[in-house]
Participant: 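What follows is a structure written as structure tokens; I'll ask about it next.
All figures in this text were calculated on a predicted structure; none of them were measured in a lab.
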Protein chains: 2
Amino acid sequence: MQADTALTRELRHHYLFCSLTDAQLERLLASAALRRMAAGEHLFAHGDAATQFFLLRSGCVKLYRLSPEGNEKIMRLIRPSQTFAESILFMEAPSYPVSGEAVEPSQLVAFDRDTFLGILRESFATCQAVMAQMTVRIQAHWDEIETLALQNSRYRVVHYLLGLLPRNAQGRVAVTLPTRKMVIAAHVAVTPETLSRTLRGLSDEGLIEVSGDEVTITDVDRLRRRIH
Amino acid sequence: MQADTALTRELRHHYLFCSLTDAQLERLLASAALRRMAAGEHLFAHGDAATQFFLLRSGCVKLYRLSPEGNEKIMRLIRPSQTFAESILFMEAPSYPVSGEAVEPSQLVAFDRDTFLGILRESFATCQAVMAQMTVRIQAHWDEIETLALQNSRYRVVHYLLGLLPRNAQGRVAVTLPTRKMVIAAHVAVTPETLSRTLRGLSDEGLIEVSGDEVTITDVDRLRRRIH
DNA sequence: CACGGGGGTTGATGCCCGTCAAGGCTGCAG
DNA sequence: CTGCAGCCTTGACGGGCATCAACCCCCGTG
């Protein structure tokens, strides 16, 4: 890949790459590839042999699995400046554990597994960053497993809405849904119909107001308490 | 902790510790503590500040979360020679992300976080082992999230039973359930009643035979195919 | 022996949510 | 403009699973 000052600066501010020396970064970029994708375009499939992990620069990518009956569960929605599929780095026979597909036109960087592994060997700080990142993901998984196992669909929808807000939001707040409702539904593990009905129910109770992809939460604290 | 040749030999065969030098291992053990627990005894609670991670030597420990209504979801059942709670190593403000409790009388080793972090800094091989281990756990989480989101309780029970078998089991196989059925139920995220009924259903169909905590699978391949 | 408690099973009931089907809305192509 | 496709909504319906309750069995204790 051609050197690119904008990209270099971007990586320098990324927790995974900020500890690398100039030489290491150069080596990494030399083995990396830029990739542009159209909405709906396929990146990799669950089970594919893997030699790359990715950084999303713009757009949106979904990581998902399909049941035999064709139902889709979105495991993670990737946003710009997030990396994904790092876990293939340490597998013995690396293969993607989920499928990946662009939800919007997207631009991403594909990093070479072996090159990055070589750099890891030289940089404990980067090792730390990788391990910290994996820890964050593991925590998120515990949370998701808990809500799937112990909470109903209403809780999951409300939890998703609250997750869109800044941490210290209060009172009346408006958010715009980041993607189509179908995608959100597959993310919180309900059908589009149920999502629609749940939002309707919440708005009938006066907890939210919905207009297209604009959702206004009338009182954040009340919603948090009413989650049950 | 006092040096203990049996324990030292045990650690030498553990993937997490097998790459350490004698000096490192000694340092680690000096800061570690042995702990014995009775059945039902509490090890740590979700949210507790954390300075230790653990290796189970004997017995059985459950890692779980409780819903506000008091429902329990067991996230992981720890077996002898498994380590757990390593993820507290890389948190900024380390706190246990789940609760831990002995299910049987257990014996375990508590390792000191800071000491192990210091050793990690000196041993890339051990870093690799840690990262590989985290990767395995992440993969298991993907699988669990998928089955919770996309599969019904019958599938989860059958999947659990099949998971008790050796990888290449065939034909008629007997297994004994490793713990009380209540615990298994909380592990596969159903109520004890539903677990009981599901086993009943499977045995009415001739797929399994149940007698106390002995389950015989009449035909492993048929059960695998009949999962859905 | 009676007693009690915990684990497991079974039955009755209800509700959450998925499925199927129809209809509205919007944006795009002809 | 018309037609069409995709997304969203709404309604009717049914099944899976939780809940509540009763009962059995086993085992340790007084």
Participant: For the helix from C/dC1-D/dG30 to C/dG30-D/dC1, what angle separates the axis at the start from the axis at the finish, each from five pairs, in steps of 10°?
Facilitator: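 Rounded to the nearest 10 degrees, the bend comes out at 20°.
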
Participant: Between A/Lys62 and A/Met75 (side chain of the first, backbone of the second, donor and acceptor by atom type, cut-off under 3.5 Å), is there such a pair?
Facilitator: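 Such a contact is absent between A/Lys62 side chain and A/Met75 backbone.
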
Participant: Figure out the CD/P separation between A/Gln151 and D/dC17, and round it to whole Å.
Facilitator: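 About 18 Å, once rounded to whole Å.
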
Participant: Are any of B/Thr194's side-chain N or O atoms less than 4.0 Å away from OP1 or OP2 of D/dA18?
Facilitator: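 Checking B/Thr194 against D/dA18: at least one side-chain N or O falls below 4.0 Å of OP1 or OP2.
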
Participant: Quick check against the 3.5 Å criterion: does A/Ser106 have a side-chain atom that pairs as donor or acceptor with the backbone of A/Cys60?
Facilitator: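 Checked: pair present.
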
Participant: Roughly how many Å is it from CZ in A/Arg154 to C1' in D/dA18, rounded to a whole number?
Facilitator: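 Distance check: A/Arg154 CZ to D/dA18 C1' gives 18 Å.
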
Participant: How close do B/Leu162 and B/Val220 get, heavy atom to heavy atom, and via which atoms?
Facilitator: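 It is CD2-CG1, 4.3 Å.
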
Participant: Counting only heavy atoms and a strict 4.0 angstrom limit, can you tell me which residues of residues 198-215 of chain A come near DNA chain C?
Facilitator: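 By residue number: none to list.
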
Participant: Do side-chain atoms of B/Thr147 reach the backbone of B/Gln151 as a donor and acceptor pair under 3.5 angstrom?
Facilitator: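 Pair absent, no side-chain N/O of B/Thr147 close to backbone of B/Gln151.
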
Participant: In whole angstrom, what separates A/Asn152's CG from D/dA18's P?
Facilitator: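 Taking atom P of D/dA18 as the reference, CG of A/Asn152 is at 13 Å.
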
Participant: Would you mind reading off the distance between B/Leu150 atom CG and D/dG16 atom C1', rounded to a whole angstrom?
Facilitator: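 It works out to 16 Å between those atoms.
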
Participant: Please work out which of the three classes, parallel, tilted or perpendicular, describes the rings of A/His159 and A/Tyr155, given edges at 30° and 60°.
Facilitator: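 Correct class here is parallel.
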
Participant: Rounding to a whole Å, what distance do you find between A/Glu72:CD and C/dG18:C1'?
Facilitator: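 Roughly 16 Å, once rounded to whole Å.
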
Participant: If you only use heavy atoms from C-beta on, which nucleotide in C/dT9, D/dC7, C/dG8 is closest to the side chain of A/Arg180?
Facilitator: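 The answer is D/dC7, which lies nearest to the side chain.
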
Participant: Does the side chain of A/Glu86 pick up a donor-acceptor pair with the side chain of A/Thr83 at under 3.5 Å?
Facilitator: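 A/Thr83 and A/Glu86 do have a side-chain donor-acceptor pair below 3.5 Å.
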
Participant: Return each pair, listed once, that meets salt bridge (charged side-chain N to carboxylate O under 4.0 Å, His left out) where at least one residue sits in residues 155-177 of chain B; pairs must be two or more places apart or across chains.
Facilitator: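 Qualifying pairs: B/Arg172-B/Glu209.
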
Participant: Can you run down the side-chain hydrogen bond (donor to acceptor under 3.5 Å, both in side chains) pairs that involve residues 136-146 of chain A, sequence neighbours left out, and say none if there aren't any?
Facilitator: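 Listed once each, the pairs are A/Lys73-A/Glu144, A/His141-B/His141, A/Asp143-B/Arg65, A/Glu146-B/Arg65.
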
Participant: Using atom names, set out every protein N or O paired with an N or O of nucleotides 20-28 of chain C below 3.5 Å, distance rounded to 0.1 Å.
Facilitator:
{"from": "C/dC20", "atom 1": "N4", "to": "A/Glu193", "atom 2": "OE2", "distance (Å)": "3.2"}

Participant: My understanding is that only residues two or more places apart in sequence, or in another chain, count here; which of them pass ring-ring contact (aromatic ring centres under 6.0 Å, His included) with B/Phe54?
Facilitator: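 By the ring-ring contact (aromatic ring centres under 6.0 Å, His included) rule, B/Phe54 matches B/Phe44, B/Phe84.
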
Participant: Between B/Gln82 (side chain) and B/Arg79 (backbone), is there a donor-acceptor pair under 3.5 Å?
Facilitator: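 Flag set: sc B/Gln82 to bb B/Arg79 pair under 3.5 Å.
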
Participant: So, is B/Ser153 near the phosphate of D/dC17, with a side-chain N or O under 4.0 Å from OP1 or OP2?
Facilitator: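 Answer is yes, contact under 4.0 Å.
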
Participant: If we ignore angles and hydrogens, is there a donor and acceptor under 3.5 Å between the side chains of A/Thr191 and A/Thr194?
Facilitator: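 The answer is yes; a qualifying pair exists.
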
Participant: Distance-only, no hydrogens or angles: does the B/Thr51 side chain make a donor-acceptor pair with backbone N or O of B/Arg113 under 3.5 Å?
Facilitator: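 Answer holds: no.
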
Participant: Within this structure, what is the OH-to-P distance between B/Tyr155 and D/dC17, rounded to whole angstrom?
Facilitator: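 Spelled out: OH on B/Tyr155 to P on D/dC17 is 14 Å.
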
Participant: Specify the separation, in whole Å, of atom CG of B/Leu195 and atom P of C/dT10.
Facilitator: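 From B/Leu195 CG to C/dT10 P: 12 Å.
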
Participant: Less than 4.0 angstrom between a side-chain N/O of A/Thr191 and OP1 or OP2 of C/dG18, yes or no?
Facilitator: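 Looking at the OP1 and OP2 atoms of C/dG18, one of them is under 4.0 Å from a side-chain N or O of A/Thr191.
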
Participant: C/dT9 P sits how many Å from B/Met182 CE, rounded?
Facilitator: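 Rounded to the whole Å, the gap is 12 Å.
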
